[in-house]
Amino acid sequence: MREHKILFTGTMGAGKTTAIGAVSEVPPLVTDVMNTDTSSAKAMTTVGLDFGLLTLDNGDRLRLFGTPGQARFDFLWKILVRNSLGLVILVDNSSADPLADLAVYLDGFVDELRTLPCVVGIGRTEQHPTPSLDDFSNRLEARGLVLPLLPVDVRRRDDVLMLIDTLLAQLEVQAGDDIP
Amino acid sequence: MNHLHSSLSPSLVTLAHEHANAIVNELAGVTAVIVATTDGFDIASSVRIDIDSARLAALASSIAAIGEVVSAEARLGSTRCVTVETDSGFAVAYRVARLDVPMVIKVLGGPDAVLAQVKYRAAAAATLLRDA
């Protein structure tokens with residue numbers, strides 16, 4: 001059995017804690033506290049980390065970590081990304097500027113993204129269809145990045161598993177080994 | 001300012017400043033005191049060193065929250081404080097268990113600071129800010 005670490009990051013309110021909770025087979029560790037930022041309607045927000053576990057069909061185990069979303073916690077981004085095999089960036093398409101939100105994390109993980117497989121999940125696209133996936137893709141391309149982009153509802157286990165499967169497929173291609 | 005800080009009672013903010021200043025001024029070796037919301041916004045600070053109090057506020061909230069999780073997982077009860085001891089000082093973070101705006105007091109001490117003294121004083125300030 002092998003263990004892999006995957007990091008979920010992205011906008012405050014994009015659903016990192018929810019995503020990990022949707023697939024974790026153990027009660028996830030959460031470090032949520034009362035949100036006092038009145039620009040967000042969220043009652044609680046993550047200030048430390050989220051943690052969950054997911055065992056794959058082949059017995060390999062994924063350790064799923066989540067970062068706080070706000071840039072003031074970027075010191076934790078750098079800590080939590082260490083030894084990660086892949087990165088999931090979640091963006092909330094209902095926010096004021098989802099493309100700018102994505103840029104925050106592309107900048108925040110700019111060094112890691114040179115080598116680290118990454119998938120981008122865009123949430124709330126049904127109610128907020130713009131910007132489109134093409135718009136996101138163009139922004140990535142402008143940075144020389146080609147990353148899988150998926151619309152997701154992080155409350156749905158299957159959607160989150162699809163993100164993870166996509167990330168693992170990237171890993172498989174990149175490593176050329178038998179990582180599932 | 002998109003933050004609850006702007007709606008905190010001025011008397012509470014003043015009290016937080018007073019405690020931060022008092023700890024820095026009264027205890028030898030203390031280099032910084034930050035009073036922050038548990039989600040990482042600084043409310044009051046008193047610093048003697050070149051340090052970003054906004055960043056320290058975010059650090060304080062993270063370390064306090066991680067301490068809470070450690071306590072819960074280890075079934076050690078409610079967290080009172082988190083202490084980080086280093087080879088040249090220490091950092092302590094005390095929870096201020098207010099229902100309206102939960103807060104954290106973070107104190108940094110250099111090699112000349114006495115940990116027990118700082119913890120006693122920070123705990124007292126946490127209680128006073130909780131009950132204010």
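Protein chains get the first letters and strands the later ones, always in sequence-line order, with residue 1 at the start of each. Hydrogens, waters and symmetry mates play no part in the numbers below; they use all other heavy atoms, side chains included.
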Residue part contacting chain A, namely of B:Ile63, when any heavy atom lies under 4.5 Å: neither
Does A:Val152 belong to the same Ile/Leu/Val/Met/Phe/Trp/Tyr cluster as A:Val160, with side-chain heavy atoms less than 4.5 Å apart forming each link? yes
Considering only heavy atoms from C-beta outward, does the side chain of A:Met34 approach that of B:Asp100 to under 4.5 Å? no
Out of A:Asp74, A:Val33, A:Asp32, return the one with the most heavy atom pairs under 4.5 angstrom to chain B. A:Val33
Could you check whether atom CG of A:Asp111 has more than 12 heavy atoms from other residues, nucleotides or ligands sitting under 6.0 Å from it? yes
If you count heavy atoms of other groups shown closer than 6.0 angstrom to CD1 of B:Ile49, is the number above 12? yes
Shared hydrophobic cluster for B:Val30 and B:Val47 (ILVMFWY, side-chain gaps under 4.5 Å): no
Drop me the distance from A:Met44's CE to B:Thr38's OG1, to the nearest 0.5 angstrom. 8.0 Å
Straight-line distance of B:Asp39 CG to A:Met12 CE, nearest 0.5 Å: 7.0 Å
Evaluate whether atom CD of A:Glu3 has more than 12 neighbouring non-hydrogen atoms of other residues, nucleotides or ligands under 6.0 angstrom away. yes
Interatomic distance, B:Asp42 atom CG to A:Arg72 atom CZ [nearest 0.5 angstrom]: 10.0 Å
A:Met162 and A:Val88: same hydrophobic cluster, using ILVMFWY side-chain contacts below 4.5 Å? yes
When only pairs under 4.5 Å are counted, which of B:Ala57, B:Ala65, B:Ala58, B:Ala54 shares the most heavy-atom pairs with chain A? B:Ala58
Taking every non-hydrogen pair under 4.5 Å, which of A:Phe51, A:Phe73, A:Phe75 racks up the most with chain B? A:Phe75
Is the count of non-hydrogen atoms from other residues, nucleotides or ligands lying under 6.0 Å from A:Glu126 atom CD greater than 12? no
Donor-acceptor pair, B:Ser62 side chain versus A:Gly48 backbone, under 3.5 Å? no
Distance check, rounded to the nearest 0.5 Å: B:Ile66 atom CD1 versus A:Thr31 atom OG1? 6.5 Å
